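Every chain is numbered from 1 and lettered A, B, ... according to where its sequence line falls, protein lines coming before strand lines. It should be emphasised that the depicted structure is a prediction, and the values quoted were computed from it without experimental measurement.
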Amino acid sequence: MRFSQTLIPTLREDPVDAQVVSHRLMLRAGLIRPLGAGIYTWLPLGLRVLRKVEAIVRQEMDNAGAQEVLMPAVQPGELWQESGRWEQYGKELLRFVDRHDRQFCFGPTHEEVISDLVRREIRSYRQLPANFYQIQTKFRDEIRPRFGIMRGREFLMKDAYSFDLDWAGLEVSYQTMFAAYQRIFQRCGLAFRAVEADTGSIGGASSHEFHVLADSGEDVIVSCDQCDYAANLEKAVSRPAEIADTGAVAVPAVERVATPGQKSIEAVGQFLRWPVERIVKSLLVEAAGEPVLLLLRGDRELNMVKAAAALGVPQVTIPEPERAAQWAGVAMGSLGPLGTPLRVLADREVPALADFVCGANTEGWHWQHVQWERDVPLPALADLRNVVAGEPCPRCATGRLQRHQGIEVGHVFKLGDKYSQSLGVRVLDSQGLEQTLVMGCYGIGVSRIVAAAIEQHHDQNGICWPVALAPFQIALLLLNPREPGEVEAGEALYRDLLAAGVEVLLDDRDERAGVKFKDADLLGCPLRVVVGGRSFKEGMVEVQARTGERAERVPLAEALATLVRLAGR
RNA sequence: CGGGGUGUAGCGCAGCCUGGUAGCGCAUCGGCUUUGGGAGCCGAGGGCCGGAGGUUCGAAUCCUCUCACCCCGACCA
């Protein structure tokens, strides 16, 4: 492709609105342009990269036995009412009506559509197992789209749906997809990690997320430094520490102390000169409309997913301040377990505190030297908090947990009969009995992979594409397009490389050398080849890897063979 | 959704406080010179100052409303 005839609007300056590296570089390198909040046009170069990812995904899906289809982006609301998600899905679902006032949505996912297809077309167990996938534009009306392509509202996604007669069949389908995902991310040249993920309210089923490791990732993942245990923060657990025998310790008498104006755990700790880990943090949450007081060590973070699971409700939320005050009889900030009428649930770590501080359920007052059982009954226990780095691994004897930042690029999920039940996806089994199918779903953020790859592969000068995703293998710089000899040699090399099947971007623009070098670095093709100037006078071309230290000189006559070899063709 | 910020030429910004009809750098176009890491000089084009309403002789500037975009938060009370 010729640079001079392609829209590659590189930017010299950093766009002020772009916060993360991938967003900045995608704009600067002319891969994308914004149209609105969280929606982007893919320009020629960016589209080439997107297509590379798509091709890898498609190949591996096909190899894994999945069948490609393309479902409508616009879906009837009726179908979503049938599955019950029309009410559940909330504002992320972009809804609209057609001219007949019928309700529609722009598909954020396609469980309903594929289920509808399968219930109409698949009648017999002999047609199973089946796995259908598509690569489609989705729209999710995110509360706050940000970070460019990383978290846009409109994005390109591969989604696959497997259908099996039973759970054993689903297990096979799931493992097949899991393996295909590992190959996909390996081929994309990404450092990634598969982690156990929370399954939310569906229950029973298992789920894994695939994260590209990057400091800018929005998600926290936890992994063991010894074994292969890895989970996302919502799901991750640590091995519980031994609980001390709290009854044996001599604790001073419990005492009510004034803590005027001390609102946070840190402030109370400093004011009373107690370490935060010996203050019990009391959090009022709403679980299925009921108030529950959750107790955590002062230095720990509440994990709301774990809390919901422990309470057996779909989710817990933080109540409105007025409502909370009504329930607790006191403003939040002074809550505590002593004498509370509320249901109390404590993190399993909390009983280890033999002598602690907690709120006194009166504004501006706390208790100190509280002891379990002596002063307050020990409440029900559960794992309620996020793990922290350095804790012991729940799976192996010696491992310690580490925390990393990750970008979620893939998610595999055993759905079970959640949709097949509500939508009536059934076939006849070998006995002639009707069976509800067991489903799995498998997503990959195709466009997000492009951004994630840049997060992982860049330097001060621009993108450093992994070979498999690069828009071109070679950036061929025609240093002086007014020098007929150089042009002739460069054009010939360009033609020969194309003929050999190598993807080349020929920078034939009438620009100064410096501009071409800067743009080549920004665009990040794996190899940069210079034809012209000093080396050309000696019959040489220069070859430099994007991530290499210095250029190598190759005789013009050998350039083609060398480049074909280096480009891996 | 709550809070904060910004909207002026393709991009980055100044001008606004203290009203007088718009400017700088880069980019673009023409010319000359230059030519190995984002060139120099000369010249040119391009903006109903996000939109609507109001105040005023006069509004980019003051007031009201509105829209868009960005940031922070939406578990630590």
Side-chain angles (χ1 to χ4, degrees), chain A residues 7 9-20 23-24 27-28 30 33-39 90-92 141-148 233-234 261-269 276-277 279-287 292-308 315-325 327-328 330-336 347 359 363 384-386 460-462 477-483 486 507 509-522 528 530-537 541-542 544 551:
Chain A
L7 181 64
T10 59
L11 301 175
R12 184 180 302 221
E13 296 172 60
D14 266 334
V16 72
D17 286 345
Q19 303 297 313
V20 295
H23 192 194
R24 277 205 302 273
L27 291 167
R28 283 196 57 200
R33 281 296 182 263
L35 181 64
I39 50 180
K91 290 189 170 177
E92 276 195 5
D141 200 354
E142 296 275 348
I143 296 174
R144 188 178 158 206
R146 60 184 128 180
F147 304 147
L233 187 61
E234 291 178 343
Q262 307 304 313
K263 294 289 183 191
S264 69
I265 294 288
E266 288 72 23
V268 169
V276 290
E277 64 268 22
I279 300 173
V280 166
K281 178 157 59 177
S282 305
L283 303 171
L284 183 63
V285 298
E286 178 174 351
V292 180
L293 196 63
L294 301 178
L295 306 184
L296 292 174
R297 229 170 74 176
D299 57 336
R300 302 306 198 191
E301 297 173 345
L302 173 64
N303 180 318
M304 293 178 86
V305 173
K306 288 182 181 178
Q315 61 169 348
V316 299
T317 53
I318 302 302
E320 302 288 314
E322 307 79 54
R323 190 160 193 201
W327 273 335
V330 62
M332 295 192 281
S334 307
L335 298 173
D347 181 70
E363 178 122 25
L384 297 178
R385 65 180 180 85
N386 290 333
Q460 300 85 332
N461 297 317
L477 309 195
L478 212 48
L479 221 52
N480 192 343
R482 298 181 183 183
E483 219 35 78
E486 295 184 13
D507 193 345
R509 292 175 300 170
D510 185 13
E511 287 286 355
R512 298 168 65 85
V515 173
K516 297 188 180 188
F517 285 127
K518 288 288 185 191
D519 275 346
D521 287 346
L522 190 55
R528 187 189 76 195
V530 173
V531 176
R534 296 192 294 258
S535 55
F536 185 77
K537 290 185 175 60
V541 301
E542 295 163 45
Q544 180 167 1

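Remark: C41(B) base-pairs with G31(B); criterion is Watson-Crick or G-U wobble with both hydrogen-bond distances under 3.5 Å. Pairing of G2(B), defined by two Watson-Crick or G-U wobble distances under 3.5 Å, is identified with C72(B).
Backbone-only contact: Ile265(A) has heavy atoms under 4.0 Å from sugar-phosphate atoms and none from a base. Within the 4.0 angstrom heavy-atom criterion, no nucleotide atom of any strand lies near Asn303(A). Residue-level contact check: Val16(A) touches the backbone only, with heavy atoms under 4.0 Å from sugar-phosphate atoms and none from bases. Glu542(A) comes within contact range of at least one nucleobase, with a heavy-atom separation under 4.0 Å. Using a 4.0 Å heavy-atom criterion, one finds that Arg385(A) contacts no nucleic acid atom at all. Within the 4.0 angstrom heavy-atom criterion, base atoms lie near Glu301(A). Note on Arg297(A): nothing from the nucleic acid sits closer than 4.0 angstrom, heavy atoms only.
Of the two residues near RNA chain B, His23(A) and Arg512(A), the one whose nearest nucleotide lies more 5' is Arg512(A). Ranked by how close their nearest RNA chain B nucleotide is to the 5' end, Asn480(A) and Ala37(A) are led by Asn480(A).
Distances from the side chain of Glu13(A) to the nucleotides G38(B), G12(B), G36(B) place G12(B) closest.
At distances below 3.5 Å, not a single donor-acceptor pair connects side-chain atoms of Lys91(A) with backbone N or O atoms of Asp141(A). Side chain of Asp510(A) to backbone of Pro481(A): no donor-acceptor contact under 3.5 angstrom is found. Arg33(A) contributes a side-chain N or O that, together with a main-chain N or O of Pro9(A), makes up a donor-acceptor pair within less than 3.5 Å.
For the pair Ile39(A) CD1 and C70(B) C1', the interatomic distance rounds to 16 Å; values are reported in whole Å.
Between C71(B) and Arg146(A), no contact under 4.0 Å exists linking OP1 or OP2 to a side-chain N or O.
Between the side chain of Arg528(A) and the base of G36(B) there is no donor-acceptor pair of N/O atoms closer than 3.5 Å.
In this structure, Asp347(A) and Arg297(A) have side chains that are not in contact, with every pair of non-hydrogen atoms separated by 4.5 Å or more.
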